Enquirer: 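I'd like to ask some things about the structure below.
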Amino acid sequence: MKNIIIFIFCGILLGSLQAQTVKRASMPLEHGAHRTGPRTDDAMQKWRENGLGQFIHWGVYAIPGGHWNGETYRGAAEWIRSWNKMPKADYDNLYKQFNPKSFNAKQWAKQARDMGARYMIITTKHHDGFCLWPSRYTGYTIAATPYGKDIIGELVDAYNAEGIDVTLYFSIIDWNHKGYRSSPPKTDGEKAAYEEFKQFTRNQLIELLANYPTAKGLWFDGTWDEAWIQQAPWVDELETELRAMRPGLVIGSRFRADDHGKRHYDSNGDLLGDYDQTWERNMPGKIEELNGVDWDCVMTIPENQWGYHSDWSLTYVKKPYELIEMIVKAVSMNGNFVLNFGPDGNGNIRPEETHIAKEIGAWMKVNSEAIYGCKNSPWEKQDWGYYTQKGDNKLYLTVFNQPLNGQVRVKVPKCKDDQKVMIVEKAYFLADRKAATVKNAGRDKYGNIYYDIDSPAVKSGSPYVVVLEIKEVNKEERDNYQQAII
Ligand code: JFZ
């Protein structure tokens, strides 16, 4: 089993590497991308402007929390059922104990809002098949637990009340359904069972959209099985049906394959779905790797734990500073950053996660203007940090690596119209809106202009933001502005 999992993960890894080196071709496809280029509608624009999201992995795996019978499972806690030291029957009976007494959807939602999350992705059903909503199509749901109440409903209401959009995570892999399989069905019996599984999957998805009319997106997972890949035409039809049910619905690239079994990007190199979903615990180095697509980065705080694992001492754990850098970096390359939380079996968010949420929130409170609604800037990245940009005129410099001489140097891009030059109309620190002094730092041998922003070292060591309001002006006008900024 362990080998199978390693094999699956290697396959997934290769799949995502492929997605990053897309070669464009042109061949007729029946089940390729339905669109080339990013979506332009309001719902997608809202998704794009979110910047920061929260992921929540919660299910019965939170009860063992990475341990069984005094032994520790070092893999991802939500995969503990696949561990040979945990009997399947024991796992499959955990739901009878699921009674998260401390669960408070409003508290989670408030914490997410205070962190600055604009959307939340919740595991409605992970690979084990356990449903956090009372599905009519299986008995293996929250309705059969001592808790009994609809957790997805509670979360959707609480998050929406805080102004946070909800996206429903749904695993196609379902270890609890008898018709589910990873390899393509061969015998008639297997085929019939798989057909039942497909109908079950469709029913559940329609049920989710019907039950939660405010849900903005579906985040699919577990779609790498050969059996599923071979269902491409049927999945394509299902995707169309779901989109028709919910106009504006946002679905990533991890749902269906194309005619030739290609995932994420079709055989012509066009993105399948609305955004690239390959950036799992990983980020592009440069925007050029992205082919102009929308994308999200989903990130764990420990190395690879999504569900609750009680022992984080077994793993490297990210610091708030690193996560803040990832948020800014993602937005600087037109992506959304989604940070995962794994609440425990009682419904508590662990103190380490609460601490991180608070630190990120404190930073976002001051600096979120550099995140929400921002996108990549054409200004060339420098080693002090990242540029993000709003519209054509507002540039945010988030400085992570404070220059020792206190001068944040920027390279001013040339204007397309060579009669024009780019000037800085206004410069200030986002934290206190105090003006920053901008000095002309001369030209290099290629004629590129540089400015230095006089930026006193920030004592807290916290990354800070300088705002530049920029404008293209005619060359002769430039001196007026230079006086203002020197
Ligand atoms: C999957 C799940 O197996 C995991 O438990 C978690 O829910 C995560 C969000 O999704 O794991 C993956 C899926 C895809 C890749 C890596 C791990 N990938 O593309 O590299």
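Remember, predicted model here, so these are calculated numbers, not experimental data. Atoms within each ligand, like the ligands themselves, are counted from 1 in listed order.
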Enquirer: For residues 315-372, which residue pairs pass the ring pair (Phe, Tyr, Trp, His ring centres under 6.0 Å) check, not counting sequence neighbours?
Expert: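 Ring pair (Phe, Tyr, Trp, His ring centres under 6.0 Å) check on residues 315-372 returns Y321-F400.
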Enquirer: I'd like the name of whichever of H127, Q277, E280 reaches closest to atom 8 (C) of ligand 1 through any heavy atom.
Expert: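 Looking at heavy atoms only, E280 sits closest to atom 8 (C) of ligand 1.
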Enquirer: State which residues pass side-chain contact (heavy atoms from CB on, under 4.5 Å) with N203; sequence neighbours excluded, sorted by chain then number.
Expert: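 Partners of N203 under the side-chain contact (heavy atoms from CB on, under 4.5 Å) test: Y137.
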Enquirer: Considering the heavy atoms of E78, write down every atom of ligand 1 situated less than 4.0 Å from one of them.
Expert: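 Answer for ligand 1: 4 (C), 5 (O), 6 (C).
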Enquirer: Output yes when R243 and D274 qualify as a salt bridge under the 4.0 Å nitrogen-oxygen rule, no when they do not.
Expert: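 Salt bridge present between R243 and D274.
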Enquirer: Before signing off on this row, confirm whether W219 and ligand 1 have an N or O atom pair separated by under 3.5 Å.
Expert: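 Such a contact does not occur with ligand 1.
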Enquirer: Do R256 side-chain atoms and L272 backbone N/O form a donor-acceptor pair below 3.5 Å?
Expert: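 Judged by distance alone, no pair lies under 3.5 Å.
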Enquirer: Salt bridge (Lys or Arg N to Asp or Glu O under 4.0 Å) between E241 and R202: does it pass, once the steps are laid out?
Expert: CA-CA 10 Å; E241 187 181 8; R202 173 176 174 271; 2.6 Å; yes
Enquirer: State if R281 counts as touching ligand 1 under the rule of any non-hydrogen atom under 4.0 Å.
Expert: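 The answer is no, since R281 has no heavy atom less than 4.0 Å from ligand 1.
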Enquirer: Pull out every atom of ligand 1 sitting under 4.0 Å from any heavy atom of W79, numbered as shown with elements.
Expert: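 Near W79, meaning under 4.0 Å from one of its heavy atoms, ligand 1 has 2 (C), 3 (O), 4 (C), 5 (O).
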Enquirer: Report yes or no: does D221 have a heavy atom closer than 4.0 Å to ligand 1?
Expert: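 So D221 counts as touching ligand 1.
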Enquirer: May I ask you to check whether W306 has an N/O atom sitting below 3.5 Å from an N/O atom of ligand 1?
Expert: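 W306 vs ligand 1: no N/O contact under 3.5 Å.
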Enquirer: Number the atoms of ligand 1 from 1 as they appear, then name those within less than 4.0 Å of a heavy atom of H57, with their elements.
Expert: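 Atoms satisfying the 4.0 Å criterion: 6 (C), 7 (O), 9 (C).
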Enquirer: With no hydrogens and no angle check, is any side-chain donor or acceptor of K390 less than 3.5 Å from a backbone partner on G373?
Expert: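 Here the side-chain-to-backbone pair does not exist.
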